[in-house]
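Notes follow the structure.
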Amino acid sequence: MHVPFAVRAVELTRRFGDVVAVDRVTFAIPRGEVWGVLGPNGAGKSTTVRMLCGILDPTEGRAEVLGLDVRRDREAIKQRIGYVSQRFGLWPDLTVRENLEFYARAYGLPGAEARRQVEGWLGRSELAEWAHQRVAALPAGFRQWLALGCAVLHRPAVLFLDEPTAGVDPLSRRRFWELIHHFAKEGTAVLVTTHAMDEAAHCDRLAFLYGGRIVAQGKPEEIRRTGADGAVLEIQTDRPAEALRVVEGHPAVRDAGLHGAAVHLVLRDPEAAESVVGFLRQQGIPVHSVAAVLPSLEDVFVHLVEALEGGA
Amino acid sequence: MSGRRLWGVVRKEVAQLRRDRRTLVTMLTLPVVQLVLYGYLTNEVLHQPTAVWDPVPSAESRALVAALENTRYFAVRYRARNLQELERLLDSGRARVGVVVPPDYGQRVRAGLPATVLVVVDASDATSARVLLQVAQGLGVRLSQDLQVRTLARRGQRPPPQPVEVRARAWYNPDLRSQVFIVPGVLGAVMQFVTTFLTLGTIVRERELGTFEQLVATPLRPVELMLGKLLPLVGLAYLNLTFILLVAWVWFGVTVKGSPVLLYILTFAFFFSSLGLGTLISTVSRTFLQAAQLAQLILLPSILLSGFLFPRESLPPFLQYVGLAIPLTYYVTVVRGIFIKGVGLEVLWPQVLALLALGIVVFGAAIVRFQKKLD
């Protein structure tokens, strides 16, 4: 049986009492794709992941992982996936190696294979020198490496990572993502949640989750192209702080912010670009160059949320 | 069930147990302390402080007091000078027994006339007062018989044969040492405490630690998880049993009359049900505190209804039935049977079957109740 999608959710919904944590989300993740779920805390990211891992029952809708139903075939799913929970879930009184060995056995790896996989991960993740340390003494960044290790020893076909890079330093974070892409290249479908916008660029496809709903999904550049209406101007100037102050309150400018050394202006109407630049010059701000650029993911997200809240 | 997954859990639990020094030390010393303390619990009423008012001492009254003391139930601590002083001693609780010997006691006994002695017992504690009253009355009967025999002998006559003679024998514990009865009971009770406390945390600790979520996302089966957690605890509990047997022998001089091997084997049936019960509690609890409170629901009835301290037969029928749901009820019978009477499976099989059945029920309930889900 060929299943085109590794993960498929249709109108997936979870309520806790009167609170709708996840509201009719529909999406599909192909094999070998890194799928990012972005959203603020409480948006329903973890609840979605838990339902897909078979540890939380959906209230309505349905979801399949590798063609297996998350309600009926929970245990079969668990054998084939890896999961890193948002809250660190390993034993502080066991050593790094003992935690890895436990998970290798819990997934039923035979002794020799278990040892091979544990050694492999210890080398790959630079955890080797910590192998005999108790987890309680492990710095936060290394804990995430360990958590990821425990979830991949059995070579899962789908990997669910719930905010895996929290507390990981930037350099280590980059290696983390390299590894995630490595898994994806081998055919693993990866669902990763984050509330850090800068991580979204690492994903093949994104879903913005807000208030339990998917407010936008697609490839990052698609979202940037179509997500925000209006236009973004990138302005190079010697006096960016002053420029910001000046444009604030200009009727055509919806939002303004610093982007590196440049100033980004989000305009309500692309036609207003010339008049805004003229206004800046008129106010004595030297404008060296003007370019129309794609909005950043953050711009888009803020815009979508504001639109939703304005409409509500 | 997968041996690999089970073995994984066992190894993890053993590693964690070995590092949890505080629990280990507590689990190995507490039972010994409990045994030593509970072991002195006794249903005997010996050496009760006694006050005597004997205004006109005579050879006969002295013999009477000596006979009282010889029973070992009475220890004469006070010689009252008058009735008021005797009353004060009883009121204040310094004396539990008051003996009033009339002034003409010696005279009347010598003359072969009936004499009356008053024995007052503080009956605040009815159980021990009953014993003291019986001993005092029995002593009176014996003294009277002795006097009659002596009077008849002086006249050259033989005493008539007794119409009914009761020959009482104490079996299994001929010296009537209360520790022979108490220590095996305490052993059972202590094992109940130990097994309950060891299992309380098994599931709920993983919940509190946040490791539960990661754990239930694996293919590990509930039965593998629970067995893997319980097997190391069975080992620890057996170690405890051995400790307690040693202390019972070295400290109290109480040894197993029957087969120690049988005791170890049948104890497994008890572990099955009591560890299962603890696991069930741990499974249904949201926090460790809640589990500890639920455990009281087992431990209190274990003490009161199992027959470990009070004979079950004297309980109202309803409470007797409640006691049937408690593993210790059966285990106390097993332990006493092997310890004191030296009997074997031919006598104890109903208890063993009950323990196994109870184990299947609670362990089954724990597995059914254990959901590999969050809620």
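Order of the sequence lines fixes the chain letters, A, B, ..., with proteins taken first and strands second; residue numbering starts at 1 for each chain.
Residue A:Pro92 touches chain B through its side chain alone, counting heavy-atom pairs closer than 4.5 Å. Interface remark: A:Ile77 contributes no atoms to any contact with chain B (heavy atom separation under 4.5 Å). At a 4.5 Å heavy-atom cutoff, the contact between A:Tyr103 and chain B is made by side-chain atoms alone. Contacts between B:Glu206 and chain A at a heavy-atom distance below 4.5 Å involve the side chain alone, from C-beta outward. With a threshold of 4.5 angstrom between heavy atoms, B:Leu225 does not approach chain A through any atom at all. Contacts of A:Arg134 with chain B are made by side-chain atoms alone, with heavy-atom separations under 4.5 Å and no backbone atom involved. Residue contact with chain A, scored on non-hydrogen atoms closer than 4.5 Å, involves the backbone and the side chain of B:Thr218 alike.
In this structure, CD1 on A:Ile55 lies 4.0 Å from CG on B:Leu374, to the nearest 0.5 angstrom. Atoms CG and CZ, on B:Leu220 and A:Phe102 in that order, are 5.0 Å from each other to the nearest 0.5 Å. To the nearest 0.5 Å, atom CZ of residue B:Arg18 and atom CG of residue A:Asp93 are 12.0 Å apart.
Annotation for B:Arg205: atom CZ does not count as buried by contact number, only 12 or fewer foreign heavy atoms lying within 6.0 Å. No more than 12 heavy-atom neighbours from other residues, nucleotides or ligands sit within 6.0 angstrom of CZ on A:Arg8.
Closest approach of A:Lys78 to B:Val216, counting heavy atoms only: NZ-O, 2.9 Å. The shortest non-hydrogen separation linking B:Gln16 to A:Leu94 is CG-CD2, 3.6 Å. Between A:Gln79 and B:Pro219, the shortest heavy-atom contact is OE1-CG, 3.1 Å.
Between chain B and the options A:Phe88, A:Tyr107, A:Phe160, the largest number of non-hydrogen pairs under 4.5 Å is found for A:Tyr107.
Contact check on B:Lys372 versus A:Glu75 returns a salt bridge, with a Lys/Arg side-chain nitrogen under 4.0 Å from an Asp/Glu carboxylate oxygen. A salt bridge links B:Arg19 with A:Glu98: at least one charged nitrogen is closer than 4.0 Å to a carboxylate oxygen.
Using a 4.5 Å heavy-atom threshold, the side chains of A:Arg105 and B:Lys12 count as separate.
Between the side chain of A:Arg87 and the main chain of B:Leu209, a donor-acceptor pair closer than 3.5 Å is present.
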Before giving the answer on side-chain hydrogen bond (donor to acceptor under 3.5 Å, both in side chains), spell out for B:Glu213 and A:Tyr83 the whole-Å C-alpha distance, their side-chain angles and the decisive distance to 0.1 Å.
-> CA-CA 10 Å; B:Glu213 181 170 352; A:Tyr83 172 48; 2.3 Å; yes

